[in-house]
Protein chains: 2
Amino acid sequence: MSEQKLNPFEHYTDIFKALSDVTRLKIMWLLLSIDSKICVSEIIDVLCENQYNVSKHLKILKKAGLVYEKKEGKWTFYHYCGSTGYFEDMVKKAVLTIPEDKMVNEIERCKKRLSMRVDGKCVVGTESED
Amino acid sequence: MSEQKLNPFEHYTDIFKALSDVTRLKIMWLLLSIDSKICVSEIIDVLCENQYNVSKHLKILKKAGLVYEKKEGKWTFYHYCGSTGYFEDMVKKAVLTIPEDKMVNEIERCKKRLSMRVDGKCVVGTESED
DNA sequence: ATTTCATATGCCATTATATGCATATGAAAT
DNA sequence: ATTTCATATGCATATAATGGCATATGAAAT
């Protein structure tokens, strides 16, 4: 609402900045790769990150307009915002060029975690806390 | 040489971070758009930025592997590194989606400044200092 | 109504980043 | 050799980002 852009490049720099952090970049990679929504506890387990940091990083991605939030009961699901412009499209493609083998562990944990869903619905929270 | 990557994503995050600053993003846009080398004094005049900041920002872009430096006498020219991979390619395309009309002033000043070259060589330094 | 669970957020310390200014470097001109 | 010019860099400071911890919120389960 009151988000005044200081300069006409803030949109672009915000997106680049959002992706300049490992955790956020991994989240984006996941979101783009699995091409479905994923809830916070799942991200926590997949990335082996703690709860509050994941939440904070998601907020930054959301503010940059990269992800979308959808509450479902106790859970909050996030997914990629989809094509909003040429720039975002190219950024998406850039993120997707990051090779899978840099994400092997995350991919494995993600498969495991998503397979725990019942009827496509997330039913369990976080196992591991660091 | 001793550049140890802390994590396998640093390459990507470094590039995104390099582009998360207005001045650096503008420099990249220019470099990609004019598709030729440009020296520091020219960048200073085109962006109406001061000398030391431009130098510092260029250093960051260089460290991210986005630009290349070439000394010619008193001048240091910078240009885009060219395709080094799919990721860099997409990032380049992303930057180039930023519409010209956000850069009208810079484009105008750039044309003016580059037209001052003699035989394609930069011959004058900076006019404006803030 | 209380507890539990999933997520968000506020506060603090630490660290990173950007800017301004002064000065250093190093090439060319005098 | 000295000066001038183009660029780089070190230092100080202001500001922002990050992570840890405690706690708040709000929905579901009991």
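Note that the coordinates shown come from a computational prediction; the quantities given were computed from them, not determined experimentally. Every chain is numbered from 1 and lettered A, B, ... according to where its sequence line falls, protein lines coming before strand lines.
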Exercise for review: Can you tell me the distance, in whole Å, between the CD1 atom of B:I43 and the C1' atom of D:dA8?
Suggested key: 14 Å
Distance-only donor-acceptor hits, side chain of residues 77-87 of chain B, under 3.5 Å, sequence neighbours excluded:
{"from": "B:S83", "atom 1": "OG", "to": "B:D89", "atom 2": "OD1", "distance (Å)": "2.1"}
{"from": "B:S83", "atom 1": "OG", "to": "B:D89", "atom 2": "OD2", "distance (Å)": "3.4"}

Please write out the pairs of protein N or O atoms and N or O atoms of nucleotides 3-7 of chain D separated by less than 3.5 Å, giving the distance to one decimal.
{"from": "D:dC5", "atom 1": "O3'", "to": "B:K74", "atom 2": "NZ", "distance (Å)": "3.4"}
{"from": "D:dA6", "atom 1": "OP1", "to": "B:G125", "atom 2": "N", "distance (Å)": "2.5"}
{"from": "D:dT7", "atom 1": "OP1", "to": "B:V40", "atom 2": "N", "distance (Å)": "3.2"}
{"from": "D:dT7", "atom 1": "OP1", "to": "B:T76", "atom 2": "N", "distance (Å)": "3.3"}
{"from": "D:dT7", "atom 1": "OP2", "to": "B:S41", "atom 2": "N", "distance (Å)": "2.7"}
{"from": "D:dT7", "atom 1": "OP2", "to": "B:S41", "atom 2": "OG", "distance (Å)": "2.2"}
{"from": "D:dT7", "atom 1": "O3'", "to": "B:T76", "atom 2": "OG1", "distance (Å)": "3.3"}

Check your understanding: In whole angstroms, how far is the P atom of C:dA27 from the CD atom of B:E69?
Key -> 13 Å
Point to revise | Nearest-0.5 Å distance, NZ of residue B:K63 to NZ of residue B:K59 | key: 7.5 Å
Revision key, fill the gap. Separation between SG (B:C110) and CD1 (B:I38), nearest 0.5 Å, reads 4.5 Å
Check your understanding: Can you tell me how far C1' of D:dT25 sits from NZ of A:K59, to the nearest Å?
Key -> 13 Å
Review point. How long is the span from the NZ atom in B:K37 to the CG atom in B:L31, to the nearest 0.5 Å?
Key: 12.0 Å
Practice item. Return the set of residues passing salt bridge (Lys or Arg N to Asp or Glu O under 4.0 Å) with B:K71 (not counting sequence neighbours), or none when no residue passes. Key: B:E69
If you restrict it to nitrogen or oxygen atoms, what contacts under 3.5 Å exist between nucleotides 15-19 of chain C and the protein, and what is each distance?
{"from": "C:dT17", "atom 1": "OP1", "to": "B:K17", "atom 2": "NZ", "distance (Å)": "3.3"}
{"from": "C:dA18", "atom 1": "OP1", "to": "B:R24", "atom 2": "NH1", "distance (Å)": "3.2"}
{"from": "C:dA18", "atom 1": "OP1", "to": "B:R24", "atom 2": "NH2", "distance (Å)": "3.0"}
{"from": "C:dA18", "atom 1": "OP2", "to": "B:R24", "atom 2": "NH1", "distance (Å)": "3.3"}
{"from": "C:dT19", "atom 1": "OP2", "to": "B:H57", "atom 2": "NE2", "distance (Å)": "2.8"}

Review point. Stems in DNA chain D: runs of 3 or more consecutive Watson-Crick or G-U pairs, distances under 3.5 Å?
Key: C:1-30 with D:1-30
Review point. With a 4.5 Å heavy-atom cut-off, do A:L58 and A:I43 have their side chains touching?
Key: yes
Could you give the side-chain donor-acceptor pairs of residues 21-30 of chain A under 3.5 Å, partners two or more places apart or in another chain?
{"from": "A:D21", "atom 1": "OD1", "to": "A:T23", "atom 2": "N", "distance (Å)": "2.9"}
{"from": "A:D21", "atom 1": "OD1", "to": "A:R24", "atom 2": "N", "distance (Å)": "3.1"}
{"from": "A:R24", "atom 1": "NE", "to": "A:A18", "atom 2": "O", "distance (Å)": "2.7"}
{"from": "A:R24", "atom 1": "NH1", "to": "A:H57", "atom 2": "ND1", "distance (Å)": "3.1"}
{"from": "A:R24", "atom 1": "NH2", "to": "A:K17", "atom 2": "O", "distance (Å)": "3.3"}
{"from": "A:K26", "atom 1": "NZ", "to": "A:E106", "atom 2": "OE2", "distance (Å)": "3.1"}
{"from": "A:W29", "atom 1": "NE1", "to": "A:I98", "atom 2": "O", "distance (Å)": "2.8"}

Point to revise | Heavy-atom neighbours of A:E72 CD exceed 12 at 6.0 Å | key: yes
